[in-house]
**Q** 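Pasting a structure here, questions to come.
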Amino acid sequence: MLDATNRSGGTAAASPRVGSSDLAVAVPTAAPVLAPAPGLAGRCARVLLSPWSRLSLLVVLLASAAAVMVVLEPQQLLADGLPARLGGAVGVVAYAVAYGACTVAFVPRPLLNLAAGALFGSQFGLVAALGGTVLGAGLAFCLGRVLGQEALRPLLRGRWLKAADHQLSRHGFRSMLAARLFPGIPFAAANYCASVSRMGLFPFLLATALGSIPNTAAYVVAGARASTPTSPAFLIALACIAVPGLAGVVVAWRKRHRLRAG
């Protein structure tokens, strides 16, 4: 049998076999894309949003608020009274808002409670004072949580600080309720300590509202009946203020050795 070369009348050159590796086409490799270097705006944003920058902003805000309160002298409300246009429910709401702002600026709550009773009487004064208490506590908690928590939590290294943080984080409602009922714990200090802990906002506000009723009511009634200091209502309110305070002093005195040992 004649092969293909004889049939074609010539000699056919055998083509070499091409391997699969020879058919591969070289694909150019893309050069690695380098992330652009952060510009001035990015660096400034990181600095401004850093935990310590936010904490510094919180300190500046609180110091400014305290300075404004000193300049405005809100205690003049006791002498001048409310403006005529702030009567009734509008006055109660306006006073509650001002009350909350004043507590954030470290104005003592007893003075604000006495003023609420003197301006609105026992019932509406209690509503205004409790509303301002919850509002001020919520404002302080949110400010501390957003601006101060991330910077301050790494500083909770002492045994007492860790114990307080653990108590507020694990048993927030119960601990805050006791703090509001106990007269020796400053209102602002409790607010910012709770904001640094892991405590939730709703248990904090609920405990504040419930725990602040007895002490707030006593001061409001005392302010409402200040013009008649011999009345039974004024004397009972004064007793409700004095007895918890004396009880707190006794408890602190009995626990003084344990506190010194800590």
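Numbering starts at 1 and runs along the sequence shown. Since the structure is predicted, the reported quantities are computational estimates derived from the model, not experimental observations.
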**Q** If two hydrophobic side chains count as joined below 4.5 Å and joins carry through other members, does Leu57 share a cluster with Val146?
**A**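 Yes, because Leu57 and Val146 connect within a single hydrophobic cluster, where side-chain heavy atoms sit under 4.5 Å apart.
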**Q** Listed by chain and number, what are the side-chain contact (heavy atoms from CB on, under 4.5 Å) partners of Ile236, not counting sequence neighbours?
**A**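 Counting only residues at least two positions away or on another chain, Ile236 forms a side-chain contact (heavy atoms from CB on, under 4.5 Å) with Cys240.
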**Q** Quick one: closest heavy-atom pair of Ala222 and Ile241, and the distance?
**A**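 Distance-wise, the nearest heavy atoms are CB-CD1, 4.4 Å.
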**Q** Under the rule for side-chain contact (heavy atoms from CB on, under 4.5 Å), what residues qualify as partners of Tyr192, not counting sequence neighbours?
**A**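 With sequence neighbours excluded, Tyr192 shows a side-chain contact (heavy atoms from CB on, under 4.5 Å) to Leu62, Val104, Phe106, Ala140, Ala188, Ser195, given in chain and number order.
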**Q** Determine the minimum heavy-atom distance between Ala129 and Asn113, stating which atoms define it.
**A**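 That would be CB-OD1, 3.5 Å.
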**Q** Not counting sequence neighbours, which residues clear side-chain contact (heavy atoms from CB on, under 4.5 Å) with Arg174? List them please.
**A**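 If we apply the side-chain contact (heavy atoms from CB on, under 4.5 Å) test to Arg174, skipping adjacent residues, the hits are Gln167, His171.
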**Q** From Ile213 CD1 over to Thr208 OG1, what is the distance, rounded to the nearest 0.5 angstrom?
**A**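 Here the interatomic distance stands at 11.0 Å.
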**Q** With ILVMFWY side chains joined below 4.5 Å, transitively, what does Leu181's cluster contain besides itself?
**A**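 Other cluster members: Phe173, Leu177, Phe202, Leu206, Leu210.
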**Q** Considering all heavy atoms of both residues, which atom of Val220 and which atom of Gly125 are nearest to each other, and what is their separation?
**A**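 Taking Val220 first and Gly125 second, the nearest heavy atoms are CG1-C, 3.8 Å.
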**Q** Going from CG on Leu139 to CG on Asn191, what distance comes out if it is rounded to the nearest 0.5 angstrom?
**A**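 The distance works out to 9.5 Å.
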**Q** With sequence neighbours excluded, what pairs up with Ala105 under the side-chain contact (heavy atoms from CB on, under 4.5 Å) test?
**A**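 Counting only residues at least two positions away or on another chain, Ala105 forms a side-chain contact (heavy atoms from CB on, under 4.5 Å) with Ala65, Met69.
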**Q** Please determine whether residues Leu119 and Phe124 belong to a single hydrophobic cluster, defined as Ile, Leu, Val, Met, Phe, Trp and Tyr linked transitively by side-chain heavy-atom distances below 4.5 Å.
**A**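 The answer is yes; both residues are in one hydrophobic cluster.
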**Q** Only pairs at least two apart or in different chains count here, so list each side chain to side chain donor-acceptor pair (under 3.5 Å) that has a residue in residues 135-147.
**A**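 Listed by first then second residue: nothing to list.
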**Q** Spell out, as yes or no, whether a donor-acceptor pair under 3.5 Å connects the side chain of Ser231 to the backbone of Thr228.
**A**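 Checked: pair present.
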**Q** Kindly say whether Ala209 contributes a backbone atom to a donor-acceptor pair with the side chain of Ser212 at under 3.5 angstrom?
**A**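 No; zero donor-acceptor contacts below 3.5 Å.
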**Q** Among all residues two or more places apart in sequence or in another chain, which pass the side chain to side chain donor-acceptor pair (under 3.5 Å) test with Arg109?
**A**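 Checked Arg109 against side chain to side chain donor-acceptor pair (under 3.5 Å); matches are Tyr99, Thr133, Thr216.
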**Q** Show the nearest heavy-atom pair for residues Ala96 and Gly131, with the distance to one decimal.
**A**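 Taking every non-hydrogen atom into account, CB-C, 4.3 Å.
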**Q** Minimum heavy-atom separation for Tyr95 to Ala116, with atom names?
**A**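 Distance-wise, the nearest heavy atoms are OH-N, 3.4 Å.
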**Q** Test: side chain to side chain donor-acceptor pair (under 3.5 Å). Region: residues 59-68. Which pairs qualify, not counting sequence neighbours?
**A**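 Checked against side chain to side chain donor-acceptor pair (under 3.5 Å) - neighbours excluded - no pair reaches residues 59-68.
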**Q** For Ser227, check side chain to side chain donor-acceptor pair (under 3.5 Å) against everything at least two apart and list the hits.
**A**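 Ser227 satisfies side chain to side chain donor-acceptor pair (under 3.5 Å) with no residue once adjacent residues are dropped.
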**Q** Could you report the tightest heavy-atom contact between Cys102 and Leu112, atom names first, then the distance?
**A**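 Taking Cys102 first and Leu112 second, the nearest heavy atoms are CB-CD1, 3.9 Å.
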**Q** Which hydrophobic side chains are connected to Leu168, either touching it within the sub-4.5 Å cutoff or through other members that do?
**A**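 The other cluster members (ILVMFWY side chains, heavy atoms under 4.5 Å, direct or chained) are Val134, Phe141, Met176, Met199, Leu201, Phe204, Leu205.
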**Q** Any side-chain heavy-atom pair from Leu235 and Pro232 closer than 4.5 angstrom?
**A**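 No, side chains not in contact.
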**Q** Are Leu61 and Val196 connected in the hydrophobic side-chain network, where two residues link if heavy atoms are under 4.5 Å apart?
**A**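 Same cluster.
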